[in-house]
Visitor: 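Let me give you the structure first, and then I'll get to my questions.
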Protein chains: 2
Amino acid sequence: MGLTKSDIFTEEQNHLAQMAKVLAHPARVAILQYLIKVNQCICGDLVNEIGLAQATISQHLRELKSAGIIKGNIEGTSVCYCIDPKVWKDIQQLFDGFFNANPQCQSDDCC
Amino acid sequence: MGLTKSDIFTEEQNHLAQMAKVLAHPARVAILQYLIKVNQCICGDLVNEIGLAQATISQHLRELKSAGIIKGNIEGTSVCYCIDPKVWKDIQQLFDGFFNANPQCQSDDCC
DNA sequence: TTTATTCATCGTAATATTGCAATATATAAT
DNA sequence: ATTATATATTGCAATATTACGATGAATAAA
């Protein structure tokens, strides 16, 4: 066990859960917030800013990158990271649609 | 290791990550979507609807409940679950604020 | 060519998550 | 009192995540 049964859920449910998982660590939230603030940066900046080991930051960057949320461009010895605005917007709408699926449910208690 | 260093992050970063973690499983997304649709239900309904064992659904319900997203009212032998609209709205705004921190970043590529 | 810089990857230890059978608990019905 | 129903909890196995030191790869500077 210990394995999520993805096959019994819809594409949307799996996708939303997967994107939520990417945001489910404060280091990745911090990386994205820093990128939003400074627009672009290299891995070393994040190591200084956040205070985790370089290997750990690199690992979090890989997860963000494999989810498509950020892009990395090689520039000499360093890699310039930035948010992919297209994907960012997609995820934003994904969460927005989820939270606003039924506005009535946000107004009053049910039971 | 294997332990998240929460102390080096802001309250907001930890809170957002924690809420994202609750949504980071398709079963919990499915439970919330079902609750949004039918307004309220009991554990057994979700077992039939989703197709995971009763113990597993109960565990996911506990996580949603301990995060405050859902409430459970005892009604005889069963427990009536529903979304807490106040917390729902809070989380919605939390994510909304995160995604809209800098609208400029959503418009064009950086590097 | 040698050295420094920057980042990725590997290996590993500690911890967390997922799923379920078995069991416990608590109320309702007979 | 006994039985049925509904849910929670416990214990366990499989897998995933987190963090970091050590190492590798690739470019830039000396």
Side-chain angles (χ1 to χ4, degrees), chain A residues 1-9 13-14 17-31 34-35 40-67 70-82 111, chain B residues 1-9 13-14 17-31 34-35 40-67 70-82 111:
Chain A
M1 329 275 149
L3 181 62
T4 299
K5 289 188 163 180
S6 304
D7 52 305
I8 65 172
F9 302 104
Q13 285 162 350
N14 282 314
Q18 201 180 342
M19 290 304 112
K21 192 179 256 178
V22 178
L23 302 179
H25 194 289
R28 292 192 289 273
V29 171
I31 288 171
Y34 188 70
L35 274 176
Q40 61 181 250
C41 71
I42 63 174
C43 178
D45 294 340
L46 292 162
V47 174
N48 291 331
E49 178 74 13
I50 294 174
L52 287 171
Q54 183 268 321
T56 309
I57 294 291
S58 186
Q59 204 173 338
H60 284 303
L61 284 169
R62 180 168 54 178
E63 282 185 69
L64 288 165
K65 202 174 156 196
S66 81
I70 64 171
K71 296 188 292 185
N73 281 61
I74 300 169
E75 286 183 6
T77 60
S78 59
V79 177
C80 177
Y81 284 103
C82 64
C111 55
Chain B
M1 331 272 148
L3 181 63
T4 299
K5 289 187 163 180
S6 303
D7 52 304
I8 65 172
F9 301 105
Q13 285 161 350
N14 282 314
Q18 202 180 343
M19 290 303 112
K21 192 179 257 180
V22 178
L23 303 179
H25 194 289
R28 292 192 287 273
V29 171
I31 288 171
Y34 188 70
L35 275 175
Q40 61 182 250
C41 72
I42 63 174
C43 177
D45 294 340
L46 293 162
V47 173
N48 291 330
E49 178 74 12
I50 293 173
L52 288 171
Q54 183 268 322
T56 309
I57 294 291
S58 186
Q59 204 173 338
H60 284 302
L61 284 169
R62 181 167 54 178
E63 282 185 69
L64 288 166
K65 202 175 154 195
S66 81
I70 65 172
K71 296 189 291 184
N73 281 60
I74 300 170
E75 288 183 6
T77 61
S78 59
V79 177
C80 177
Y81 283 103
C82 64
C111 54

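Lettering follows sequence order; numbering is per chain, from 1. None of these values were measured; they are calculated from a predicted model.
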Visitor: Base, sugar-phosphate or nothing for A:Ile57? Non-hydrogen atoms, less than 4.0 Å.
Guide: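 No contact.
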Visitor: Show each protein N/O and nucleotides 20-27 of chain D N/O combination with a separation under 3.5 Å, one pair to a line.
Guide:
| unit_1 | atom_1 | unit_2 | atom_2 | d |
| --- | --- | --- | --- | --- |
| D:dC20 | OP1 | B:Lys5 | NZ | 2.5 |
| D:dC20 | OP2 | A:Ala53 | N | 3.1 |
| D:dC20 | OP2 | A:Thr56 | OG1 | 3.1 |
| D:dC20 | N4 | A:Gln59 | OE1 | 3.3 |

Visitor: Would the distance check show the side chain of B:Arg28 and the main-chain N or O of B:Lys21 forming a donor-acceptor pair, the cut-off being under 3.5 Å?
Guide: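 Judged by distance alone, yes, a pair lies under 3.5 Å.
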Visitor: Do you know which two heavy atoms are closest between B:Ala27 and B:Ile50, and how far apart they sit?
Guide: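 That would be O-CD1, 4.0 Å.
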Visitor: Return the nearest nucleotide to the side chain of A:Glu63; candidates are D:dT18, C:dG19, C:dC7.
Guide: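 The closest nucleotide is D:dT18.
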Visitor: Looking at A:Lys21, I'd like to know whether one of its side-chain N or O atoms comes within less than 4.0 Å of OP1 or OP2 on D:dA16.
Guide: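 Answer is no, no contact under 4.0 Å.
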Visitor: Of all the choices, C:dT9, D:dT15, C:dA8, which nucleotide is nearest to the side chain of A:Cys43 once you look at every atom?
Guide: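 Nearest to the side chain of A:Cys43 among the choices is C:dA8.
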Visitor: Are B:Pro26 and A:Thr4 close enough that some pair of their side-chain heavy atoms sits under 4.5 Å apart?
Guide: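 Yes. Closest side-chain heavy atoms under 4.5 Å.
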Visitor: Under 4.0 Å, counting only non-hydrogen atoms across every strand here, what does A:Lys65 touch: a base, just sugar-phosphate, or nothing?
Guide: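 No contact.
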Visitor: Round to the nearest Å and state the distance from B:Leu46 atom CG to C:dC20 atom C1'.
Guide: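 Atom CG in B:Leu46 sits about 17 Å away from atom C1' in C:dC20.
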Visitor: Expressed in angstrom and rounded to an integer, what is the separation of A:Ile42 atom CD1 from C:dC7 atom P?
Guide: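 Between P of C:dC7 and CD1 of A:Ile42: 4 Å.
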Visitor: In whole angstroms, how far is the C1' atom of C:dT17 from the CD atom of A:Gln18?
Guide: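 These atoms are roughly 16 Å apart.
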Visitor: From A:Gln40 CD over to A:Glu75 CD, what is the distance, rounded to the nearest 0.5 angstrom?
Guide: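 Reported value, rounded in 0.5 Å steps: 7.0 Å.
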Visitor: Is the number of heavy atoms from other residues, nucleotides or ligands under 6.0 Å of A:Ile8 CD1 greater than 12?
Guide: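 Atom CD1 in A:Ile8 is crowded, with more than 12 foreign heavy atoms closer than 6.0 Å.
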Visitor: In whole angstrom, give the distance that lies between atom CG of B:Leu61 and atom C1' of D:dT9.
Guide: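 In whole Å, D:dT9 C1' lies 14 Å from B:Leu61 CG.
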Visitor: Kindly say whether B:Asp45 contributes a backbone atom to a donor-acceptor pair with the side chain of B:Asn48 at under 3.5 angstrom?
Guide: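 It does not hold such a pair.
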Visitor: Starting at CG of A:Leu64 and ending at C1' of C:dC7, how long is that distance when rounded to a whole Å?
Guide: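 Spelled out: CG on A:Leu64 to C1' on C:dC7 is 16 Å.
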Visitor: Determine the contact category for A:Ser58: base if any of its heavy atoms lies under 4.0 Å from a base atom, sugar-phosphate if only primed atoms, P, OP1 or OP2 are that close, otherwise nothing.
Guide: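 Contact class for A:Ser58: base.
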Visitor: With respect to the phosphate group of C:dT18, does any side-chain polar atom (N or O) of B:Arg28 fall under 4.0 Å of OP1 or OP2?
Guide: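 It does, given that an N or O in the side chain of B:Arg28 lies less than 4.0 Å from OP1 or OP2 of C:dT18.
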Visitor: Quick check for you: to the nearest 0.5 Å, what is the distance between B:Leu52 atom CG and B:Leu46 atom CG?
Guide: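 So the gap between those two atoms works out to 10.0 Å.
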Visitor: Nearest of D:dT17, C:dG19, D:dA8 to any side-chain atom of B:His60?
Guide: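 My answer, after comparing the listed nucleotides, is C:dG19.
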Visitor: What is the distance, rounded to the nearest whole Å, between atom CG of B:Asn73 and atom P of C:dT27?
Guide: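 To the nearest whole Å, that distance equals 15 Å.
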Visitor: Can you tell me how far C1' of C:dT18 sits from CG of A:Asn14, to the nearest Å?
Guide: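 My rounded result for the distance is 14 Å.
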Visitor: Expressed as a whole number of angstroms, how long is the span from B:Leu3:CG to D:dT18:P?
Guide: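 So the CG-P distance, B:Leu3 to D:dT18, works out to 11 Å.
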Visitor: OP1 or OP2 of D:dT9 versus the side-chain N and O atoms of B:Arg62: is any pair under 4.0 Å?
Guide: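 Yes, B:Arg62 has a side-chain N/O under 4.0 Å of OP1/OP2 on D:dT9.
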